[in-house]
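Reviewing the structure listed below.
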Amino acid sequence: MSLPNKKGFPKDFLWGASSSSAQIEGGYDCDGKGLTVWDVKPLNPGTCSFHYASDLYHHYKEDIALMAEMGFKAYRMSIAWARILPEGEGEINQAGIDFYKDLFNECHKHGIEPVVTIFHFDLPLKLQEKYGGWKDRKMIDIYVNYCRVLFENFKDDVKYWLTYNEQNMLVFFGAFDMIGGSGKFSTPNDLYNQAHIQNVAQAKAIHLCHEMCPNSKIGPAPNITTSYPKTCNPMDVIAAMNMDDLRNNFYLDALVFGEYPKSVYRYFEKQHVVIDVHEGDFECMKTCHPDFIGFNCYGNDTTEHLEHYELDLSELEKADNRDMSYLIKLMEKPGVGKACKNEYFAKNSVDGNSYDPYCIRVTARRLTDRYHLPVIITENGYGRPDVLEADGSIHDQYRIEHLKETIKQMKLGIEEGADIFGYCPWSAVDLVSTREGITKRYGFIYVDRDEDDEKAKTAEMKRYRKDSFYWYKRVIETNGEDLEGEK
Ligand code: BG6
């Protein structure tokens with residue numbers, strides 16, 4: 001007898017791509033949908049709003065047919081909470097239920113498994129106004145009630161549920177950036193109390209899903225990437241471990257083990273964070289048992305030691321959040337560590353973004369080792385402006401190179417033991433970036449629109465296949481064996 005030796009991608013690997021309701025759907029006020037915090041979000045100069053986005057709301061049949069042409073096995077998407085419950089709670093909007101029913105039917109017609117995020121940033125505005133969003137513990141029941149509506153209506157349509165997209169990034173970057181509401185950073189105490197509320201809410205949703213949808217699986221979808229130490233100086237190694245605890249493990253340990261990593265308690269002490277824990281919170285988290293972990297992974301973090309000091313973010317409240325140095329500054333966590341340039345990858349850096357094809361391989365192996373759960377990559381990729389040529393072609397070789405190297409490493413990761421069951425890069429169809437409009441494109445499918453909302457209102461938003469469309473089709477066809485594409 002020989003040792004089992006895994007080679008290549010599993011036979012039923014879920015190849016697909018990803019999106020989110022606010023960034024792709026448009027139709028922001030159609031058929032009874034309520035407003036969300038993203039519909040009223042302050043925008044960076046020159047960028048479009050989320051009102052019309054890529055108009056998937058009116059193009060979903062065409063878009064799903066194009067995904068099917070690429071051979072997708074899965075489509076990771078999200079439901080707009082305010083399409084289902086216009087005020088976030090209370091009255092149900094039947095038109096919203098019908099829309100997603102149709103969309104799921106369309107996916108199944110083409111053999112595509114929807115992987116559905118319950119909440120991807122677009123909080124119903126009413127919940128923000130009435131409760132201050134996730135600051136209020138009442139949000140636990142409100143979110144669980146929303147989940148109940150989804151499970152009741154879609155239990156036969158959805159096999160894979162994701163509780164919450166990138167909860168950890170909202171907390172890590174101070175929520176300011178993503179929610180864009182107050183114009184002020186929240187205090188660490190506010191942020192981590194919200195995180196705890198969200199953890200309990202997700203745990204309850206996982207319990208409920210297991211009860212109501214015995215044929216479905218459910219897991220979280222944070223943004224997880226490994227922190228590399230800047231040098232082999234043990235102080236940098238410890239900083240990277242601390243960062244891993246604060247940025248990643250805090251969220252996943254909560255849902256898998258029902259506890260928080262101990263190094264985070266030291267950060268809490270220094271930052272005067274006192275979590276309001278209610279009786280039963282940890283028990284609820286400990287016993288919820290997610291079925292898998294979804295994670296978004298765009299690159300590594302590189303961390304160096306940082307002594308404690310008082311961090312002054314007031315300057316950043318006026319800064320342009322499209323500048324990478326803005327995000328890097330927000331990754332200074334006194335007493336934990338600070339982000340720094342990775343010298344190894346700096347050479348292939350474009351626009352301040354360094355490209356690390358190893359990030360999924362390293363992170364998926366670490367997740368498999370720590371949690372012993374299967375993992376799916378719910379986002380990965382690279383956004384840049386693309387050019388629509390006169391003949392309708394789009395030559396996005398940079399995207400092909402980026403994904404090719406990542407998939408190569410992912411395959412090695414699987415052979416080394418990472419339990420990866422799917423890959424959904426960002427994104428299937430071009431959509432609106434969180435901070436950089438539609439100019440920063442991520443899709444395999446190009447959407448013909450620009451930053452002008454007035455034009456977008458009535459634009460045809462014609463779809464075009466990019467070069468990466470044909471390349472990814474071949475990758476899927478060969479189950480990840482041919483990464484070179486047809487010559
Ligand atoms: C992830 C989010 O953080 O990154 C997506 O889940 C987002 O919603 C994606 O669009 C890419 O980031 P950006 O800022 O380029 O849109």
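Just so you know, ligand 1 is whichever comes first in the structure, and atom 1 is the first atom listed for that ligand. Remember, predicted model here, so these are calculated numbers, not experimental data.
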Exercise for the section: May I ask you to decide whether Lys457 forms a salt bridge with Asp55, counting only side-chain N to carboxylate O separations under 4.0 Å? Expected result: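 Salt bridge: no.
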Exercise for the section: Using a strict cut-off of less than 4.0 Å between a Lys/Arg side-chain nitrogen and an Asp/Glu carboxylate oxygen, indicate whether Glu89 and Lys130 qualify as a salt bridge. Expected result: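 A salt bridge is present here (some side-chain N lies under 4.0 Å from a carboxylate O).
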Exercise for the section: Could you label the plane-to-plane angle of the Tyr28 and His51 rings as parallel, tilted or perpendicular, counting under 30° as parallel and over 60° as perpendicular? Expected result: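 Aromatic pair Tyr28/His51 classed parallel.
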Exercise for the section: Check each heavy atom of Asn165 against ligand 1 and say whether those closer than 4.0 Å belong to the side chain, the backbone, both or neither. Expected result: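 Under 4.0 Å from ligand 1, Asn165 contributes side-chain atoms alone.
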Problem - Flag for Asn300-Thr302: side-chain donor and acceptor within less than 3.5 Å - result: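 The criterion, which ignores hydrogens and geometry beyond distance, is satisfied for Asn300 and Thr302.
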Compute the shortest N/O to N/O distance between [X] and ligand 1 and return yes if it is under 3.5 Å, no if not.
X      : result
Thr434 : yes
Ser20  : no
Glu436 : no

Numbering as shown, the atoms of ligand 1 that approach [X] to under 4.0 Å (heavy-atom distance):
X      : result
Asn296 : 6 (O)
Lys440 : 13 (P), 15 (O)
Glu379 : 1 (C), 2 (C), 4 (O), 5 (C), 6 (O), 9 (C)

Exercise for the section: For Trp426 and His120, run ring-ring contact (aromatic ring centres under 6.0 Å, His included): C-alpha distance rounded to whole Å, both residues' side-chain angles, the deciding distance at 0.1 Å, then the answer. Expected result: CA-CA 14 Å; Trp426 190 259; His120 192 129; 5.7 Å; yes
Practice task
Go through the structure and list residues passing salt bridge (Lys or Arg N to Asp or Glu O under 4.0 Å) with Glu451, not counting sequence neighbours.
Solution key: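 None.
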Exercise for the section: Select the closest option to atom 9 (C) of ligand 1 among Phe121, Tyr442, Phe173, Tyr298, judged by heavy-atom distance. Expected result: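 Result: the heavy atom closest to atom 9 (C) of ligand 1 is in Tyr298.
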Exercise for the section: Consider ligand 1: state whether an atom of it lies below 4.0 angstrom from any non-hydrogen atom of Arg435. Expected result: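 It does; at least one heavy atom falls under 4.0 Å.
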Problem - Gln23 near ligand 1 by a heavy-atom separation under 4.0 Å - result: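 The answer is yes, since Gln23 has a heavy atom less than 4.0 Å from ligand 1.
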Handout entry: Any residue meeting side-chain hydrogen bond (donor to acceptor under 3.5 Å, both in side chains) with Asn93, in chain and number order, not counting sequence neighbours
Key =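 Expected list: none.
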